[in-house]
Number of protein chains: 4
Amino acid sequence: MTGVGLIGTGFMGKCHALAWNSVRTVFGDVAKVRLVHLGEANADLARQRASELGFDRASGDWRAVVADPEVDVISLTTPNQFHPEMAIAILEAGKHLWCEKPMAPTLAEAEAMAAAARKSGKTAVLGYNYIQSPAIRHIRQLLDEKIIGEVNHLRVEMDEDFMADPEAPFFWKHEAKSGYGALDDFAVHPLSLISALFGCVGSVMCDMAKPYPDRQVAGGGRRAVETYDIASSLIHLQNGVSGTLLVNRSAWGRKGRIQVQIFGSKGSIVFDQERFNEIQLYVTSDRATEQGYRTILAAPVHEPYGKFIPAPGHGLGFNDLKTIECRELLARIAGQPARVIDFDEGLEIERTVHAMARSFAEQKWVKVR
Amino acid sequence: MTGVGLIGTGFMGKCHALAWNSVRTVFGDVAKVRLVHLGEANADLARQRASELGFDRASGDWRAVVADPEVDVISLTTPNQFHPEMAIAILEAGKHLWCEKPMAPTLAEAEAMAAAARKSGKTAVLGYNYIQSPAIRHIRQLLDEKIIGEVNHLRVEMDEDFMADPEAPFFWKHEAKSGYGALDDFAVHPLSLISALFGCVGSVMCDMAKPYPDRQVAGGGRRAVETYDIASSLIHLQNGVSGTLLVNRSAWGRKGRIQVQIFGSKGSIVFDQERFNEIQLYVTSDRATEQGYRTILAAPVHEPYGKFIPAPGHGLGFNDLKTIECRELLARIAGQPARVIDFDEGLEIERTVHAMARSFAEQKWVKVR
Amino acid sequence: MTGVGLIGTGFMGKCHALAWNSVRTVFGDVAKVRLVHLGEANADLARQRASELGFDRASGDWRAVVADPEVDVISLTTPNQFHPEMAIAILEAGKHLWCEKPMAPTLAEAEAMAAAARKSGKTAVLGYNYIQSPAIRHIRQLLDEKIIGEVNHLRVEMDEDFMADPEAPFFWKHEAKSGYGALDDFAVHPLSLISALFGCVGSVMCDMAKPYPDRQVAGGGRRAVETYDIASSLIHLQNGVSGTLLVNRSAWGRKGRIQVQIFGSKGSIVFDQERFNEIQLYVTSDRATEQGYRTILAAPVHEPYGKFIPAPGHGLGFNDLKTIECRELLARIAGQPARVIDFDEGLEIERTVHAMARSFAEQKWVKVR
Amino acid sequence: MTGVGLIGTGFMGKCHALAWNSVRTVFGDVAKVRLVHLGEANADLARQRASELGFDRASGDWRAVVADPEVDVISLTTPNQFHPEMAIAILEAGKHLWCEKPMAPTLAEAEAMAAAARKSGKTAVLGYNYIQSPAIRHIRQLLDEKIIGEVNHLRVEMDEDFMADPEAPFFWKHEAKSGYGALDDFAVHPLSLISALFGCVGSVMCDMAKPYPDRQVAGGGRRAVETYDIASSLIHLQNGVSGTLLVNRSAWGRKGRIQVQIFGSKGSIVFDQERFNEIQLYVTSDRATEQGYRTILAAPVHEPYGKFIPAPGHGLGFNDLKTIECRELLARIAGQPARVIDFDEGLEIERTVHAMARSFAEQKWVKVR
């Protein structure tokens, strides 16, 4: 029996709760899960959310969750800025930690978190759920099998449009203290895919842009926007592969697009998170007259799709990716092989983001390490 | 607190269990759910599945689930042929019933089930989950709003390929006693969409075909296939709209395709279940130079997508549709408005299937009623 | 040197002129072409069009074109109703004939035309240009090679929207004397593809519908529409394959759609004329984890694409199909193998259309022969 | 009557000949065209090609074409390195010039050509045919009308795979003297689109890569590849818009892809040359529940599609773009408004390419001027 705590109940908090509720039913091969203790900003909200999400106990103080002896693992889904203090406390309390990304506003804080994880000996995993789809897992297998030969180039784009409206008022994501902009808000996701598929980024050359230099404020007047909704980077992976990483959170029409184009010596792979149950594969082993991108639909032959649905082409959903991640977390806790991005790997991702920001500031190529 | 029983734990049994596990976490607006009692073919299997799926009690006799006083509603996911006896027993025991489709092998049995439901005064709902997607709900709204004007023609196709391999051996779905073939196996799904979007079918003209007239049997030799993997029907809806309904369970490359094409006086709508988070809409109100099918991604503005994910374009999965269906079932039980296909509406669907089979046998148009 | 006459200069007349202008430049392997004599409804129009389209002479009387001793072959692109008289005169004058489809309003007239062709010993070819695309030719080759095994089912749809607007006034295509409606206007195209890929249709069961029963007339008031914009047929090919053929000229959003779905024992093929430089192919010889429809772009490896463009994926256009047809016509005239639909094959297509109309009238299956 | 000369009869030479043959038939509004004189490397080849392509005279010396008094305009389609000498001679002989892109191997030569054009007072136009598609023209109109508001970001990719095979032997495009690689071979095309849609590029930051560092040579052994098949640039337009321009001629599976993504304050536009009869448009003026990319098919409402085909959605081909370009050239010669890229605009494109190469060499941002 695994006792679960949850701190934070926004978008990702609910998503974690759903994963905890479903993981054993879906996979069957993990210990029973008990949703023990939920923490929120105040006791009333905590009680309400605990009732809705199925937790036994509720507290208005997150430290009560950390201290709960029946809690073995804690889902941490509070805003980014609270991660360092909470994560380190959780690890020092000897609990396993499932922390939403990104780790922390500054690299120093992220390093401290990673150090705490190492010292604790506990499992500390980040919520990079996009790496968990059967499609991405299968792409990794295709790469390992050299189905497209040696990879020589890579393009990744991530675009959404939730900040595309120039009439929307100034809000906290426009302030410099919220971070760089799309770079930390978005780029960590494609970087998690790059990390899972190819390893570390070696050097970067980044440009950033503000589509709207200022925005209206509630009380009247306008205020200069301090963050960059667009970031475009030339990148070199440590393994020598070149590529580009482009992100835009003001891209009208894009809702959850993460397009990955991988070019190899014997073929290519194209993937888009907006249709994450599909892989586009081109291979030169097909006869010349029949070469073309094939659209492969996720199916039970692509692990772990079959744990959810025994029929091909029926489609997993976004929340299912969190359930897979939850299962991998439990496998890691149990000392089994697991596909996760732990704090050390996550730290590399954040190091890359900060290198990109520095590259933009200095207008030159920057080495990640 | 709603007490749940489950009889049958195959593909759909697990799917129901996941829905029961998630429904309150997702929607928040339903009573707490307790997974009380699971029934399977024998006690050992029942215990194992109850542990995996999260039920408190397990029985090797389905009647124990029916008799359990803590059970308020029962998910019935056993094979089709067991539905009549079990469903009627469940309703007579005063439990609400969530029964997988189709209702029963014969029309007479389905009629008996519908009569039992009427007599019981309990909620009896069929598991037609495809009608529950935000896309289909939104299409219904677009039709109600006359966004594409008056509908004048309809084409529906449903295709999969799980019976497409001519080398696969003869099995029970090839026997006449399993039903007509694709007609009862598949056509009920598109008919559920037609029912939800347009109402009843009035008359039908059906053709059926066997792609492979015989198949190898395990012990050697070959046996004539008795069912039809392909069925193609001309249809007239009761409202006068003409159309076609084409199904094929030997269609290589199709995995979960249900394509719907709806033509109206001011536009058209195209939908495909293989990409059920998308709607294709063409409207003549666009300027002439910019008319074209637009691909609408499911989003929080399309109910109830936002209950699962607050961000657009991230995608629901197949299992999520069952969770929506579960919520609608609970709403119906609570006497609230609900989008479900109950036993009376389901009976119309099965009546249509049998009319199609009769049309093929008699090689002429047949009225459904 | 081939001397060319042209009678009729509408949509198809210009298309023929472009083909005659380009055929030798594209293919190189045909005799020089001289555009000799153009016929139109009156001498002034004829002269103007001859100048634009590049013909040496012009006449207001089509018989002058037929009588011209320097004319070897005549493109006949006048409305359908004029075909019988003109075509027979052309053939009797000992000229080769390239006649736009369909042949004639009635089956008897089409039969007389075919008889005249047989008697003349001249080449008489119909303008079924859709069969000429590299994609369709390659599909034929894939079928011949049994790449998708034995074909067992077929679906063809043809849809456009030029009659979809209910506010458009009554015009000649709404009169019964113009024909049945979509059946003769459209269905001949998909039937030409079926003929080129599979051979003859054996029997048919057809339904027809009028999306708008009446329309406004210029002077005020409304008039009942006499033709059917929608026709849906169940079909059996002579080779035993079953299928459907669905046409709709009131299908909002469809512009030049001819979708063909071909299901075989080892794979399937999907084609859409709106993207006629692409073929969708699914084959079971791919590894299970990588099976999926591949999108094959037309390329020099697909004859005769390379005669137009040496680079793959750059795309032929609609008018290029006519140039290919022109080259095939010249090959047939020269006694070489050629892919064309001649008057005998065209007669079978029209026989099928009339059988469909009879099936609708009698509400039963009708044998084509 | 316009007298035409042609020098060079490869891929583009044939393409020009087809355009000259068709332009009056298609457009009707240009003077008659006579194909007067064709020049090739030797007299025999010239005679053969003149016969095939429809020219009256042939010469083995290009200077004879330039000197021909009946020639008014010359299509120059020889390899890049011959352009400067020939183009300047043509202009000095007082002929109009239609020259294939790019202008010349070095910027100095391109500048000399532009100077010669200015001095001559004759029309000198480059063969950037991709700007001529109805789709690109319509995108320009959409931008002018501010349908997507103010553009703030731009991404352009151009990919093909004709150099993707690592087993293909070393050839002249791998030598440094052929140019930089994909940069001059490919990037000029997307730059022509940027020039036509947005104007000049202001500054660039470029990275280049070699997918295969060496290749086998015919006689045995391997030779180091000197050119770069991949080039990726961050760009700033002179109007302040930021973006990226990525090219790859070793991109397996891509055949003629030029993808353009344009992001504005009220919508976005996506275009891909592989489906150049389609535009993807997203606009925020659609109702929130129906927003989505619409696929607009080229149609007579998009100039000059209707000159080729009166029916929408039937599709232009690659060669048709050259016919449109030819018509624009003739309009420019006649002193009418015309959409062309003349030598001055073409010089800006080449200046940008050389700036990119310098940026890569110096590893820093470079201003184009």
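To find a chain, count down the sequence lines: A is the first, B the second, and so on, and within it residues start at 1. All values below come from the heavy atoms of this structure, side chains included, with hydrogens, waters and symmetry mates left out.
Of the possible polar contacts, one joining the D:Lys14 side chain to the C:Lys307 backbone as a donor-acceptor pair under 3.5 Å is found. In this structure, C:Lys255 contributes its side chain and D:Ala311 its backbone to no donor-acceptor pair below 3.5 Å.
Contact of D:Arg275 with chain C is made through the side chain alone, with heavy-atom distances under 4.5 Å. For chain D, no part of C:Gln48 is nearby; none of its heavy atoms comes within less than 4.5 Å. With a 4.5 Å cut-off on non-hydrogen atoms, C:Gln273 does not touch chain D at all. Contacts of C:Tyr130 with chain D are made by side-chain atoms alone, with heavy-atom separations under 4.5 Å and no backbone atom involved. Residue C:Arg24 touches chain D through both its backbone and its side chain, counting heavy-atom pairs closer than 4.5 Å. In this structure, the portion of C:Leu297 lying under 4.5 Å from any heavy atom of chain D is its side chain and not its backbone.
Note: D:Asn319 leads D:Asn319, D:Asp320, D:Val30 in heavy-atom pairs under 4.5 Å with chain C. Of all the listed residues (D:Leu321, D:Asp161, D:Val26, D:Thr295), the one sharing the greatest number of non-hydrogen pairs under 4.5 Å with chain C is D:Val26. Taking chain D as the reference chain and counting heavy-atom pairs below 4.5 Å, the highest number among C:Phe11, C:Phe27, C:Phe162, C:Phe308 is found for C:Phe11. The most heavy-atom pairs under 4.5 Å with chain D, out of C:Ser51, C:Gly253, C:Ser22, come from C:Ser51.
Atom CG in C:Asn21 sits 14.5 Å away from atom CH2 in D:Trp20 (nearest 0.5 Å). Separating the NE2 atom in D:His16 from the OG1 atom in C:Thr25 is a distance of 14.0 Å, to the nearest 0.5 Å.
Relative ring orientation between C:His314 and D:Phe318 is described as perpendicular, the plane-to-plane angle rising above 60° on a 0-90° scale split at 30° and 60°.
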